[in-house]
*Asks:* 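One structure is given below, represented as structure tokens, and several questions about it will come after.
Residue numbers start from 1 in every chain, and the chains themselves are labelled A, B, ... in the order their sequence lines are given, proteins ahead of strands. Heavy-atom basis, side chains included; hydrogens, waters and symmetry copies ignored.
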Amino acid sequence: MLDIKFVRENIDLVRTKLEERGDAVDLDQFVAMDRRRRDILQEVEALRNERNNVSKEIGARKKSGQDSSDLIEKMGSVSSRIKDLDESLKETEALLGGLTMTIPNIPHASVVCGKGDEDNPLVRQWGGKPTFDFEPKAHWDIGEDLNILDFARGAKVTGARFTLYRGAGALLERALVNFMLDLHTTRHGYTEVFTPFMVNSESMTATGQLPKFEEDLFKITGTDYYLIPTAEVPVTNIHRDEILDEKDLPIFYVAYSACFRAEAGSYGKDTRGLIRQHQFNKVEMVKFTRPEESYDELEKLASNAEEILKRLGIHFRTVSLCTGDLGFSSSKTYDLEAWMPGQNAYREISSCSNFEAFQARRAGIRFRRREGSKVEYVHTLNGSGLAVGRTVVAILENYQQKDGSVIVPDALKPYMNGVDRIVRNK
RNA sequence: GGAGAGAUGGCUGAGUGGCCUAAAGCGAUCGCCUGCUAAGCGAUUGUACGCCUCAAAAGGUGUACCGGGGGUUCGAAUCCCCCUCUCUCCGCCA
């Protein structure tokens with residue numbers, strides 16, 4: 001959420017910035033509710049002050065044996081007025097809170113204005129498209145031909161958008177998770193954490209999935225728990241409602257988790273293969289930083305994700321999301337798009353974002369620069385490093401051979417139990 | 001799933017309706033003292049929101065906060081109700 005005082009004092013700037021995102025936000029109602037809240041607050045607090053003083057007087061009189069029935073009668077009506085005001089204050093704050101929680105973040109000044117992904121500027125690219133002396137296949141065909149991906153049985157066991165991995169396919173998925181975690185922990189300075197895969201609604205609200213995007217989530221019936229759509233949620237919430245020491249910043253975490261997405265509204269999109277699943281694996285990097293260093297850390301975060309693709313030898317490009325394509329909570333986002341020859345397309349494989357204080361404010365994650373100084377909100381960042389299922393897709397499609405086998409990239413060989421080429425077994 | 005005990009400030013822990021502006025201790029910060037260190041002495045000590053002064057930093061002032069929500073009362077950390085979490089024991093279990 002945005003700083004209410006900042007919105008109050010910079011209403012036109014906020015309006016302009018939000019319009020660039022293409023979001024319609026009722027800022028007039030926000031201003032009115034904010035005004036109303038402060039008016040009520042002033043009145044009710046003055047009454048409380050009176051009541052506190054008079055109650056003290058009643059206590060004093062009682063002790064000295066004096067009568068105080070006149071004061072008690074007077075305070076009776078003051079108390080009922082306080083009760084009424086509290087009621088309307090609560091209503092107003094609920095309205096204001098609801099509005100505040102649905103206003104998206106303001107894009108950073110370096111983010112270009114645009115409508116959708118076609119306007120995202122290219123930041124850099126690495127490697128080149130591999131050439132084939134045969135027609136490269138899509139990963140769903142490669143995977144079924146090698147008997148390592150079983151879409152039909154995944155659908156039988158659960159339903160559409162669930163996949164069974166078998167043999168070297170399952171091994172490849174697991175190898176990638178370990179390869180990514182090891183690189184980020186030993187080379188990039190991240191601390192590995194392993195979190196719950198379900199979180200409560202408070203955590204979902206803190207990172208921005210709730211209240212606006214509930215339809216994208218799986219909820220556990222009869223509880224307040226949701227399946228996580230990304231490890232960003234539990235990992236960012238590790239420090240919810242905490243005041244951190246400046247000396248502990250920045251904090252870098254990396255986590256493997258399964259991710260669960262309802263994919264409401266994506267019917268008919270990417271129905272074949274591993275690209276869009278209800279359940280997928282991801283290694284996620286999360287940072288907590290001081291405000292002045294968060295944009296440097298965003299660059300490092302993106303390069304940490306890119307390093308995985310470089311080591312795997314997969315051609316990719318990095319784009320900067322334009323205002324119209326930016327996620328709800330983000331101020332600036334880089335998407336890494338890996339080349340997928342079987343689909344003749346670049347596909348998103350990582351998304352690295354700086355949320356500035358947007359999540360920290362919702363989550364109450366603060367720090368203190370030195371003893372006695374005021375607390376400030378940290379900046380939070382996160383990025384995939386990487387989406388594992390999509391990395392499997394990239395490896396299968398980029399390393400496929402004419403005979404249908406798939407060569408294992410060198411960087412992954414130490415994790416593959418001696419398998420350096422995936423061939424059909426049985 | 002059953003039974004019981006708990007939740008108070010950075011930490012430990014007292015507090016069963018008004019002298020709570022939450023005792024005391026520990027820690028931390030600053031100062032004094034002192035060859036050094038330790039000890040000792042003194043002071044300070046949270047968060048949020050509103051209002052005022054203000055360019056800002058900062059200051060002043062008010063309100064709220066003793067796990068969360070409701071209630072009783074002129075007045076609630078304290079009494080009542082509901083919920084959450086933690087711990088112990090029993091049951092079940094990878």
*Asks:* Should B:G9 form a Watson-Crick or G-U wobble pair with both distances under 3.5 Å, which nucleotide is its partner?
*Replies:* none
*Asks:* Distance check, P atoms only: B:A38 and B:C32, in whole angstrom units.
*Replies:* 16 Å
*Asks:* Look at the rings of A:His184 and A:His188 and say which category their plane angle falls in: under 30° parallel, 30 to 60° tilted, over 60° perpendicular.
*Replies:* tilted
*Asks:* When the C1' atoms of B:G67 and B:U61 are compared, how many Å lie between them, rounded to an integer?
*Replies:* 30 Å
*Asks:* Rounding to a whole Å, what distance do you find between A:Arg35:CZ and B:C51:C1'?
*Replies:* 10 Å
*Asks:* Please give, in whole Å, the distance from B:U47 P to A:Ile365 CD1?
*Replies:* 17 Å
*Asks:* Answer yes when A:Asp86 and A:Lys90 have at least one side-chain N-carboxylate O distance shorter than 4.0 Å, and no when they do not.
*Replies:* no
*Asks:* Is A:Leu41 touching bases, backbone alone, or none of the nucleic acid, heavy atoms closer than 4.0 Å?
*Replies:* sugar-phosphate
*Asks:* Say you pick atom C1' in B:G9 and the same atom in B:A48; how far apart are they, in whole Å?
*Replies:* 15 Å
*Asks:* When rounded to the nearest Å, what value does the distance between P atoms of B:C19 and B:G35 take?
*Replies:* 48 Å
*Asks:* Write down the partner of B:G31 under the Watson-Crick or G-U wobble criteria, each distance required to be under 3.5 Å.
*Replies:* B:C41
*Asks:* Determine which nucleotide pairs with B:C49, using a 3.5 Å limit on both distances of a Watson-Crick or G-U wobble pair.
*Replies:* B:G62
*Asks:* Taking only the P atom of each, what is the distance from B:G42 to B:G25 in whole angstrom?
*Replies:* 10 Å
*Asks:* Less than 4.0 angstrom from a charged side-chain N to a carboxylate O is my criterion; do A:Glu263 and A:Arg276 meet it?
*Replies:* yes
*Asks:* Taking the C1' atom in each of B:C20 and B:C87, what is the distance between them to the nearest angstrom?
*Replies:* 29 Å
*Asks:* Describe, in one word, how the ring planes of A:Tyr415 and A:Phe179 are oriented to each other, choosing from parallel (under 30°), tilted (30 to 60°) and perpendicular (over 60°).
*Replies:* perpendicular
*Asks:* Could you give the distance separating B:C92 and B:C85 at their P atoms, to the nearest angstrom?
*Replies:* 24 Å
*Asks:* Could you check whether the side chain of A:Glu45 and the base of B:G62 have a donor-acceptor pair of N or O atoms closer than 3.5 Å, going by distance alone?
*Replies:* yes
*Asks:* Rounded to whole angstrom units, what separation is found between the CD atom of A:Glu93 and the C1' atom of B:A64?
*Replies:* 11 Å
*Asks:* Under 4.0 angstrom, heavy atoms only, what part of the nucleic acid is A:Lys62 near: base, sugar-phosphate, or nothing?
*Replies:* base
*Asks:* Partner of B:C54 by Watson-Crick or G-U wobble geometry, both contacts under 3.5 Å, or none?
*Replies:* none
*Asks:* Which one, B:A48, B:A64, B:C74, comes nearest to the side chain of A:Val375?
*Replies:* B:A48
*Asks:* CD1 of A:Ile40 versus C1' of B:C49: gap in Å, rounded?
*Replies:* 14 Å
*Asks:* More than 12 heavy atoms of other residues, nucleotides or ligands under 6.0 Å from CZ of A:Arg15: yes or no?
*Replies:* yes
*Asks:* Whole angstrom is fine here: how far is it from CE in A:Met1 over to P in B:C49?
*Replies:* 9 Å
*Asks:* Write down the partner of B:A77 under the Watson-Crick or G-U wobble criteria, each distance required to be under 3.5 Å.
*Replies:* none
*Asks:* What is the separation between atom CZ on A:Arg37 and atom C1' on B:A64, rounded to the nearest whole Å?
*Replies:* 11 Å
*Asks:* Between B:G50, B:G71, B:C74, spot the one nearest the side chain of A:Lys83, thanks.
*Replies:* B:G71
*Asks:* Tell me whether the side-chain N/O atoms of A:Arg368 come closer than 4.0 Å to OP1 or OP2 in B:U47.
*Replies:* yes
*Asks:* Tell me which nucleotide among B:C19, B:G50, B:C74 gets nearest to the side chain of A:Lys63.
*Replies:* B:C19
*Asks:* Does any donor-acceptor pair link the side chain of A:Lys56 with the base of B:G18 at a separation under 3.5 Å?
*Replies:* no
*Asks:* Write down the partner of B:C89 under the Watson-Crick or G-U wobble criteria, each distance required to be under 3.5 Å.
*Replies:* B:G2
*Asks:* More 5' along RNA chain B: A:Met75 or A:Tyr377, using each one's nearest nucleotide?
*Replies:* A:Tyr377
*Asks:* Counting just side-chain N and O atoms, does A:Arg48 come under 4.0 Å of either OP1 or OP2 of B:G50?
*Replies:* no
*Asks:* For the residue pair A:Tyr253 and A:His239, does the interplanar ring angle fall in the parallel (under 30°), tilted (30 to 60°) or perpendicular (over 60°) class?
*Replies:* parallel
*Asks:* Over all strands shown, is A:Arg81 touching base, sugar-phosphate only, or nothing at heavy-atom distances under 4.0 angstrom?
*Replies:* nothing
*Asks:* Distance check, C1' atoms only: B:U45 and B:A24, in whole angstrom units.
*Replies:* 16 Å
*Asks:* What nucleotide, of B:A58, B:U47, B:G62, holds the atom closest to the side chain of A:Asn49?
*Replies:* B:G62
*Asks:* Of the nucleotides B:C74, B:G50, B:U47, which one has an atom closest to the side chain of A:Arg366?
*Replies:* B:U47
*Asks:* On the nucleotide B:G70, are OP1 or OP2 found under 4.0 Å from the side-chain N or O atoms that A:Lys90 carries?
*Replies:* yes
*Asks:* Is there a Watson-Crick or G-U wobble partner for B:C20 with both distances under 3.5 Å, and if so, which one is it?
*Replies:* none
*Asks:* Just compare B:G50, B:G75, B:C19 and give me whichever is closest to any side-chain atom of A:Lys5.
*Replies:* B:G50
*Asks:* Return the nucleotide paired to B:G67: Watson-Crick means purine N1 to pyrimidine N3 with N6-O4 or O6-N4, wobble means G-U with N1-O2 and O6-N3, both under 3.5 Å.
*Replies:* B:C83
*Asks:* Using atom CG of A:Asp241 as one end and atom C1' of B:G68 as the other, report the distance to the nearest whole Å.
*Replies:* 13 Å
*Asks:* Taking the basic N atoms (NZ, or NE/NH1/NH2) and the acidic carboxylate oxygens, is any pair closer than 4.0 Å for A:Lys83 and A:Glu87?
*Replies:* no
*Asks:* How long is the gap from CD on A:Glu292 to NE2 on A:His379, to the nearest 0.5 Å?
*Replies:* 8.5 Å
*Asks:* Can you find a side chain N or O atom of A:Ser79 that sits less than 4.0 Å from OP1 or OP2 on B:U73?
*Replies:* no
*Asks:* Between P on B:A64 and CZ on A:Arg51, what's the gap in Å once rounded to a whole number?
*Replies:* 7 Å
*Asks:* Is the shortest distance from a Lys or Arg side-chain nitrogen in A:Glu307 or A:Arg187 to a carboxylate oxygen in the other one below 4.0 Å?
*Replies:* no
*Asks:* Of A:Asn52 and A:Arg38, whose nearest nucleotide on RNA chain B comes first from the 5' end?
*Replies:* A:Arg38
